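Accompanying notes for the structure given below.
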Amino acid sequence: MPTTGFIPHRLATAVAVALCLAPAPLLAQEQSPSQDTAADQNQTANQGQPSDQTDSVEGNQSATQENAAQNDEPTGEPIPLVPEEPTWDSFHGQLNAQKYSPLEQITVDNVGELEKVWEVHTGDVADGSGELPPTVWSATPVFANDTLYIGTPFYRILALDPATGEEKWSFDTQSTLEALTQPALKNRGVAYWEADEPVDGEPCQKIVYIGTMDAKLFAVDADTGEQCQGFANNGVLDVNQWNDTNNRWPLSLLQPPTVIGDRLILGWAGKDWASKQAPPGTVFSINARTGEREWAFEVLSEEMREQSGTANVWTHMSADEQNGLVYLPVSSPSPNYWGGNRTQKVPLATSTTALDIETGEVVWSRQWVHHDIWDYDINAAPTLMDITVDGEEIPALIQSTKQGFLFVVNRLTGEDVWPIEERPVPGGDGTVEGEVYAPTQPFPTKPEPLLDQAEKPEVWWLADAVSGGQCSALWDDLWYEGMYTPPTTKGEGTLTYPDSSGGVQWGGVAFDPESQTAIVNTSHIVQYLKLYDRQAYERADSGSGNEVGFSPQEGAPYGMRLKVALNWLGMPCWEPPYGELVALDMHTGDVKWRRPVGASQQYGFFMPESWGSPTIGGPAVTAGGVIFIGASMDAKVRAYSLETGEELWSDQVEAPSVSNPAVYEYNGRQYVAFIGGGNTILKQQVGDQIAVYALPE
């Protein structure tokens, strides 16, 4: 589910430290066999039913066609895809997930003058050395109601003055601080809703929502911090009341809900790699005022829900309000690395699926991995955009994936913008019983893959030399026949590139609608995966870390082990760069520029920036021609030129800023806010810092 990356390893000498980057772990979920076209997928995708509805599949197909026709001719007041006013009131800034601000006070010419104007330390932090699990803080600051709202990994809400950081109020959910489904205490922030016509004197006309790992959703008055008594049970919705199939863990609410009109669209997170059967993926539509469930969408068929599970939506969603569509990035079914219990087609798993906001019915769906046995969850909200290709105006979306692919389709129909081809992929080696492999997988022709998966990555000569050939020996013992090489029980296993933590992570793609430029950060990480039969697994299991190591896949005939390809000094065995920032011309699908992003860092030593850094978190872009991003291992926040990719500014924060930044204007002044929270997957450094920057007055 959620995310992964690099873990520091002890280096033997100071010389090795100066030369080394120390990475490690990863991410997870699953899916089904081959479909050749979007039309085929749209026909079979309608097995997904809103569970509060009773329509037949045939009726659902008719409704889908009718909905699609209605979406082509929207009625009522037009709702622009790009808000007319500067907006940063949700996880990706706006519902379109563009992470774009029209503000232009900060430009390429003056961004170098940015200074920190305030910072706050929340106190909600743990490094895992005491009684509490470590914290993973990936919250996007939300600017709304003239207030900056922050959710913390101790499941508190802070309401801060956006110009000074002074606390207006705080709210504590009093949630149990236990790692129930994740290896860490994790929070990605809050969601904000307000009534179209607020009633004077009535409470909760503006609401802030925060979820907890034990499946509670809290609704709090945005002005006072008091619980909204009219929402669910005195301001608390217990989502786990709907966890009625394979209830092996709570439906953790780590990602804030997606707010669309008066609806909260709610997914959930679970426990990766743990078992064959798991709670099945369900998306809920909740009334924003009352907490009443309006519809629920099931990704898996009734039969599949009994024998498998997950295929849930654990990351944020995007929406086209004018056309009445919400876009679900759907993860993979369980278990993650063996699919013998789910050999039939599961068309909605590992997909982008567009639902009618009003009914929860499928309008279209595209599956990006057939029979997913690589944990290649769709881990980011698709970014919605209007682009001009060959003179034609296209309502499009771009879906980034862990594989480093960028799929571009018409967001109203799911049809290709540039051809997406079904290509043959490697089959199994005969060592895994019960598995059935998809013969083909979808590959985009444009944009080209962000990293070359066609051949086994080259061994880094430096890491190989200082380890006495350890890296080349490992490479010789790893099976790789290109993208989608299946898991094996032989040797050291299968080389995976990119790994399940993702060529692109949940921060997703930013988009500048003026120049029609897309910006994406990508990690280049090599891992290797091995399956063990039950007896061999019991002998081999030596524990696991944060999304790396051994996991049982209980109930399946195979447990698994996942490692990052490091030598004994902790150096990556593959060549740098380890992360890049890429800009794409969406008129053509071609790369405009690409450059290493950030720097790898360990024990105070910064590696050459030409090596780049693995990243967690996404970019933001402004009309001033500036890209803002944290995300890197060195715990710096940076600004780059949208036009050229030149680095223009940086500052050090307390821990890697693994959240999306927020860009907002208050009292005529433009601000950029970063969370220095860290993620032990990337580096053993956590923080509780909110750092906000502006130009000197």
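For reference, positions follow the sequence shown, starting with 1. Here the structure is a predicted model, which means the values were calculated and not measured.
Side chain to side chain, Asn96 and Tyr100 fail the donor-acceptor criterion of an N or O pair below 3.5 Å. A donor-acceptor pair shorter than 3.5 Å can be found between the side chains of Tyr693 and Asp651. Counted by atom type alone, Ser138 and Lys186 present zero donor-acceptor pairs between their side chains at under 3.5 Å. Residues His92 and Gln94 bring no donor and acceptor atom of their side chains to less than 3.5 Å of each other. Side-chain atoms of Glu119 and Gln689 form a donor-acceptor pair, as typed in the model, at a separation below 3.5 Å. For the residue pair Thr173/Thr212, the side-chain donor-acceptor check at 3.5 Å is not satisfied. Donor-acceptor pairing under 3.5 Å is lacking for the side chains of Lys216 and Ser175. Under the 3.5 Å distance criterion, with hydrogens and angles disregarded, a donor-acceptor pair is assigned to the side chains of Ser632 and Arg638. Between the side chains of Asn145 and Lys206, at least one donor-acceptor pair of N or O atoms lies under 3.5 Å.
A salt bridge links Arg411 with Asp386: the distance from a Lys NZ or Arg NE/NH1/NH2 to an Asp or Glu carboxylate oxygen falls below 4.0 Å. Checked for salt-bridge contact, Asp124 and Arg156 meet the test: a charged N lies under 4.0 Å from a carboxylate O. Taking a cutoff of 4.0 Å between a charged side-chain nitrogen and a carboxylate oxygen, Arg263 and Glu294 qualify as a salt bridge.
Contact check for Thr152 versus Asn187: no side-chain heavy atoms found under the 4.5 Å cut-off. Annotation: side chain of Thr383 is not in contact with side chain of Leu397 (no heavy-atom distance under 4.5 Å). Side-chain contact between Arg595 and Glu609 is present, with at least one heavy-atom pair separated by less than 4.5 Å. Side-chain contact between Tyr327 and Leu384 is present, with at least one heavy-atom pair separated by less than 4.5 Å. Between Thr401 and Val504, the closest side-chain pair of non-hydrogen atoms is not below 4.5 Å. Contact annotation: the side chain of Ile265 never approaches that of Val259 to less than 4.5 Å [non-hydrogen atoms, C-beta and beyond]. Between Asn379 and Gln505, the closest side-chain pair of non-hydrogen atoms falls below 4.5 Å.
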- Item | Derivation of the ring-ring contact (aromatic ring centres under 6.0 Å, His included) call for Phe231 and Tyr209 | CA-CA 11 Å; Phe231 181 87; Tyr209 308 89; 5.8 Å; yes
- From CA spacing to verdict: side chain to side chain contact (heavy atoms under 4.5 Å, CB included), Ile207, Arg289: CA-CA 8 Å; Ile207 301 177; Arg289 300 171 184 266; 5.7 Å; no
- Item | Residues Trp268, Phe284; criterion ring-ring contact (aromatic ring centres under 6.0 Å, His included); working and verdict | CA-CA 9 Å; Trp268 54 266; Phe284 304 104; 8.4 Å; no
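Annotation: Glu131, atom CD; neighbour count of heavy atoms from other residues, nucleotides and ligands within 6.0 Å does not exceed 12. Atom CD of Glu84 has 12 or fewer heavy atoms from other residues, nucleotides or ligands within 6.0 Å. Surrounding CD of Glu643 are at most 12 heavy atoms belonging to other residues, nucleotides or ligands under 6.0 Å away.
Partner of Val658 under the side-chain contact (heavy atoms from CB on, under 4.5 Å) criterion, out of Ile675, Thr615, Leu682, Val686: Leu682 alone. The side-chain contact (heavy atoms from CB on, under 4.5 Å) test with Ile519 is passed by exactly one of Leu584, Ile627, Ile629, Val509: Ile627.
A cation-pi arrangement, defined by a distance under 6.0 Å to the six-membered ring centre and an angle within 45 degrees of its axis, is absent between Arg188 and Trp137.
Across every non-hydrogen atom of Gln182 and Ala269, the tightest pair is NE2-CB, 4.1 Å.
Aromatic ring orientation, Phe91 versus Trp506: tilted (interplanar angle from 30° to 60°). Between Tyr149 and Trp169, the two ring planes are tilted [angle within 30° to 60°].
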